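Notes to accompany the following structure.
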Amino acid sequence: MTHDVVSSECHSDVLFELQRLRGRVYGEVPAIANTLLPDGRHSHKFDASNWHIVLEDSEQGVVGCARYHNVFQFDDLICSKAAIALSPETGPRFRSMFDRQFDNARRIGKNFGEAGAWALSHTARCSTAAVNIALMTYALAEWLGAGLCVTTATTRHHSALILKRLGGKAFANFEPYYEPMFECFIELLQFETACLHHRYLAKLEELRAELRHTPIICPLETEDLIQMSAAVSGSSYLPMSSPQYAASLQ
């Protein structure tokens, strides 16, 4: 199979627009609003090197997004800087459980992944977009060889509730914790690729098929990196071209 590699300019445009969306959504929280760039974007140092699922509307542009990356050590986790990881009470337990789960995944030839930066415009929240983006991220994680994925989800806008309905479970049985950065309670959830709720299996299969026709938007200089990633994954499908979703890597 082949895939589409779009120019660096297109990649930059999409990344810019999804950061603008995150800025509008996350900026509703005063503590985060103070960290936004002068142009209102929410930028993260790992944005350019991570995968993103992007939902676009022909009139509104980017209306939804999520971020994903494979993890190879505890410090690769973006949530390794979260309050639950930095706490002297919960931090050691978090690291110990990560090490155990990471070793289990590698033992069966799977990767360990992390998803996050989930954002939806106000209009997209009144649709199935939230579930579709979560499931498409799930399909992308599968394609990248992940057997287990961890994410932090806020209780705001029912994000954690939606992910638990899909099959997410509390990581190491952690209770929701308060995250000062987001000024709300957060749940640390884990997903196993074999444990998606049966209600969503048909939709996941539909999105797996759609993923075969989804473009990979990336700077041209990373094309070899994507080819190598596809070869290692061993999956039977590879993104190609679709008007709705774009998985991007720099």
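Since this is a predicted model, take the numbers as computed values, not measurements.
For the side chain to side chain contact (heavy atoms under 4.5 Å, CB included) test, residues two or more places apart in sequence or in another chain that qualify with E205 are R208. Considering only residues two or more places apart in sequence or on other chains, F72 meets the ring pair (Phe, Tyr, Trp, His ring centres under 6.0 Å) condition with none of them. Looking at residues two or more places apart in sequence or on another chain, you find no ring pair (Phe, Tyr, Trp, His ring centres under 6.0 Å) involving F174. Applying the salt bridge (Lys or Arg N to Asp or Glu O under 4.0 Å) rule to R165 yields no partners; only residues at least two apart in sequence or on another chain are considered.
Among all heavy-atom pairs drawn from L163 and A153, the shortest one is CD1-CB, 3.7 Å. Annotation for P92 and S87: closest pair CD-O, 3.7 Å, computed over non-hydrogen atoms. Here the shortest heavy-atom pairing between L148 and Q101 reads CD2-CB, 3.5 Å. Here the shortest heavy-atom pairing between L207 and N132 reads CD1-O, 3.6 Å. When all heavy atoms of A115 and C149 are compared, the closest pair comes out as N-SG, 3.7 Å. Nearest heavy atoms, A146 versus N70: CB-OD1, 4.2 Å.
Note that the CD atom of E142 and the CG atom of L144 stand 10.5 Å from one another [nearest 0.5 Å]. Interatomic distance, D76 CG to F112 CZ, rounded to the nearest 0.5 Å: 11.0 Å. If you take OG1 on T123 and CZ on R125, they are separated by 9.0 Å, rounding to the nearest 0.5 Å. Taking CG from L135 and CG from L211, the interatomic distance works out to 12.0 Å, rounded to the nearest 0.5 Å. To the nearest 0.5 angstrom, L15 atom CG is 10.0 Å from N50 atom CG.
The number of heavy-atom neighbours closer than 6.0 Å to CZ of R100, taken from other residues, nucleotides and ligands shown, is 12 or below. Summarising the local packing, NZ of K81 is surrounded by more than 12 heavy atoms from other residues, nucleotides or ligands at distances under 6.0 Å. More than 12 heavy atoms of other residues, nucleotides or ligands shown are found within 6.0 angstrom of CD on E28. Atom NE2 of H158 has 12 or fewer heavy atoms from other residues, nucleotides or ligands within 6.0 Å.
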### Task
Could you walk me through whether L189 and F171 pass the side-chain contact (heavy atoms from CB on, under 4.5 Å) test, one step at a time?
CA-CA 5 Å; L189 303 176; F171 185 81; over 6 Å; no
### Query
Can you list the steps and then say if V62 with R20 is a side-chain contact (heavy atoms from CB on, under 4.5 Å)?
CA-CA 9 Å; V62 174; R20 285 185 61 187; over 6 Å; no
### Task
Test V63 against E56 for side-chain contact (heavy atoms from CB on, under 4.5 Å), laying out the working first.
CA-CA 6 Å; V63 295; E56 293 182 304; over 6 Å; no
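A donor-acceptor pair under 3.5 Å is absent between the side-chain atoms of S159 and the main chain of T155, judged by distance alone. Although no hydrogens or angles enter the test, the distance criterion places a donor-acceptor pair under 3.5 Å between the side chain of T214 and the main chain of E210. Using modelled atom types, no side-chain atom of H52 and backbone atom of V54 make a donor-acceptor pair closer than 3.5 Å. When atom types are taken as modelled, the side chain of D99 and the backbone of S96 share no donor-acceptor pair closer than 3.5 angstrom. Counting only distance, with no hydrogens or angles, the side chain of S121 and the backbone of A124 share a donor-acceptor pair below 3.5 Å.
F185 and I162 are members of different hydrophobic clusters when ILVMFWY side chains are connected at heavy-atom separations under 4.5 Å. Hydrophobic clustering keeps V25 apart from I78 (ILVMFWY residues linked when any side-chain heavy atoms are closer than 4.5 Å, directly or through intermediates). Cluster annotation: Y177 and L86 are assigned to distinct hydrophobic clusters (Ile/Leu/Val/Met/Phe/Trp/Tyr, side-chain heavy-atom contacts under 4.5 Å, transitive). Under the 4.5 Å side-chain heavy-atom criterion for Ile, Leu, Val, Met, Phe, Trp and Tyr, Y68 and L204 are members of the same hydrophobic cluster. Using a 4.5 Å cut-off between side-chain heavy atoms of Ile, Leu, Val, Met, Phe, Trp and Tyr, with links allowed through other members, W51 and F46 fall into different hydrophobic clusters.
With contacts defined as side-chain heavy-atom distances shorter than 4.5 Å, the pair Y200/Y138 does not qualify. Side-chain atoms of F16 and D39, non-hydrogen and from C-beta on, do get closer than 4.5 Å to each other. Here the side chains of L77 and F98 are in contact, with some heavy-atom distance below 4.5 Å. You'll find the side chain of V150 stays beyond 4.5 Å of the side chain of F102, heavy atoms only. The closest side-chain heavy-atom distance from R93 to N173 is below 4.5 Å. With contacts defined as side-chain heavy-atom distances shorter than 4.5 Å, the pair L196/L166 qualifies. C65 places none of its side-chain heavy atoms less than 4.5 Å from the side chain of L55. Between R95 and D75, the closest side-chain pair of non-hydrogen atoms falls below 4.5 Å.
The list of salt bridge (Lys or Arg N to Asp or Glu O under 4.0 Å) pairs with a residue in residues 104-115, not counting sequence neighbours, is empty. Applying the salt bridge (Lys or Arg N to Asp or Glu O under 4.0 Å) rule to pairs touching residues 183-198 yields K164-E187, sequence neighbours excluded.
None of H42, R24, R41 except one satisfies the side chain to side chain donor-acceptor pair (under 3.5 Å) rule with Q19; the exception is R41.
Salt bridge D47/R22: present, at least one basic N to carboxylate O contact under 4.0 Å.
Within the 6.0 Å centre-distance limit, the rings of F74 and F94 are counted as a close aromatic pair.
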